[in-house]
Amino acid sequence: MKASELKNKGIKFKLGAKEYELKFNMNTFCELEEIYGDIGEAFEDLQNMKIKAIRALIYAAVKVENDSVTLKEVGEQLGLNDLERLGNAINEALNISMPEVEEKLGE
């Protein structure tokens, strides 16, 4: 899959009192790669719902709208009770941003 095949759709989530949009697009990928150094490792950690990966992805989404925010500031706003809600939001965002799969019958 190529990044250009991703749909430009996102989902809204709240962090603190503000609402943000989580999209899997080039900005998100660049921020994740900057944090991890390897986008594949970032997605592997997201699939395994590692806390570090969730914080990094939420940071990437917030950074699109607030360039001055830091990873530490986002982490300070996240609580352990937010993880399940954000994990579900991440899964939903991934599902709606993935390209349609064409089924080829008879091949």
Side-chain angles (χ1 to χ4, degrees):
M1 180 183 69
K2 297 176 185 173
S4 61
E5 295 174 334
L6 291 171
K7 297 176 188 171
N8 193 24
K9 294 182 177 178
I11 61 153
K12 302 283 186 188
F13 71 95
K14 280 190 120 178
L15 183 64
K18 190 167 179 188
E19 189 172 72
Y20 296 95
E21 186 170 26
L22 175 58
K23 286 183 179 179
F24 284 94
N25 59 22
M26 192 57 73
N27 287 328
T28 307
F29 295 153
C30 288
E31 292 297 336
L32 283 174
E33 188 175 66
E34 191 167 311
I35 294 167
Y36 271 85
D38 180 338
I39 195 72
E41 182 182 338
F43 274 96
E44 187 176 320
D45 282 356
L46 281 169
Q47 287 176 341
N48 292 322
M49 300 304 292
K50 290 192 174 180
I51 295 170
K52 175 184 174 184
I54 292 170
R55 181 185 68 164
L57 182 60
I58 298 303
Y59 164 76
V62 172
K63 181 114 175 154
V64 170
E65 297 181 31
N66 178 1
D67 198 40
S68 65
V69 73
T70 67
L71 187 61
K72 189 173 181 177
E73 288 170 340
V74 169
E76 288 172 356
Q77 293 184 58
L78 293 173
L80 290 176
N81 55 350
D82 294 324
L83 295 178
E84 183 176 341
R85 175 179 58 87
L86 292 171
N88 291 335
I90 291 167
N91 284 335
E92 186 179 344
L94 267 171
N95 286 334
I96 66 171
S97 64
M98 291 294 141
E100 300 286 329
V101 176
E102 291 182 32
E103 291 187 30
K104 295 181 179 179
L105 300 175
E107 290 187 1

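Heads up: numbering here begins at 1 and tracks the sequence. Given the structure is predicted, the values throughout are model-derived calculations rather than measurements.
Within a 6.0 Å sphere centred on CD of E44, heavy atoms belonging to other residues, nucleotides or ligands number 12 at most. Heavy-atom neighbours of I96 CD1 from other residues, nucleotides or ligands within 6.0 Å: above the threshold of 12.
To the nearest 0.5 Å, atom NZ of residue K52 and atom CG of residue L71 are 9.0 Å apart. Atom CG of L57 and atom CZ of F29 lie 9.5 Å apart (nearest 0.5 Å). Rounding to the nearest 0.5 Å gives a distance of 5.5 Å between CD1 of I90 and CG of L46.
In this view, Y59 and K63 satisfy the side chain to side chain donor-acceptor pair (under 3.5 Å) rule, not counting sequence neighbours. E19 is linked by a side-chain contact (heavy atoms from CB on, under 4.5 Å) to K12, K14, counting only residues two or more places apart in sequence or in another chain. Among residues two or more places apart in sequence or in another chain, the side chain to side chain donor-acceptor pair (under 3.5 Å) test is passed with N88 by none. Residues forming a side-chain contact (heavy atoms from CB on, under 4.5 Å) with A93 (at least two apart in sequence, or on another chain): I11, L22, F24. For N95, there are no side-chain contact (heavy atoms from CB on, under 4.5 Å) partners, not counting sequence neighbours. Residues satisfying the side chain to side chain donor-acceptor pair (under 3.5 Å) test with D82, not counting sequence neighbours, are R85.
For Y20 against E65, the heavy-atom pair with the smallest separation is CD2-OE1, 3.6 Å. Closest heavy-atom contact between I54 and M49: CD1-CE, 3.7 Å. For V74 against R55, the heavy-atom pair with the smallest separation is CG1-O, 4.2 Å. Here the closest heavy-atom approach between residue A53 and residue A42 is recorded as CB-O, 4.3 Å.
Pairs passing the side chain to side chain donor-acceptor pair (under 3.5 Å) check and including a residue from residues 27-39, sequence neighbours excluded, read N25-T28, Y36-D45.
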> Could you go step by step and tell me if V62 and F13 meet the side chain to side chain contact (heavy atoms under 4.5 Å, CB included) rule?
Replying inline: CA-CA 10 Å; V62 172; F13 71 95; 4.2 Å; yes
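Note: the hydrophobic cluster containing V64 does not contain L15 (ILVMFWY, side chain heavy atoms under 4.5 Å, direct or indirect links). Cluster membership check: L32 shares its hydrophobic cluster with L83, using side-chain heavy-atom separations under 4.5 Å among Ile, Leu, Val, Met, Phe, Trp and Tyr.
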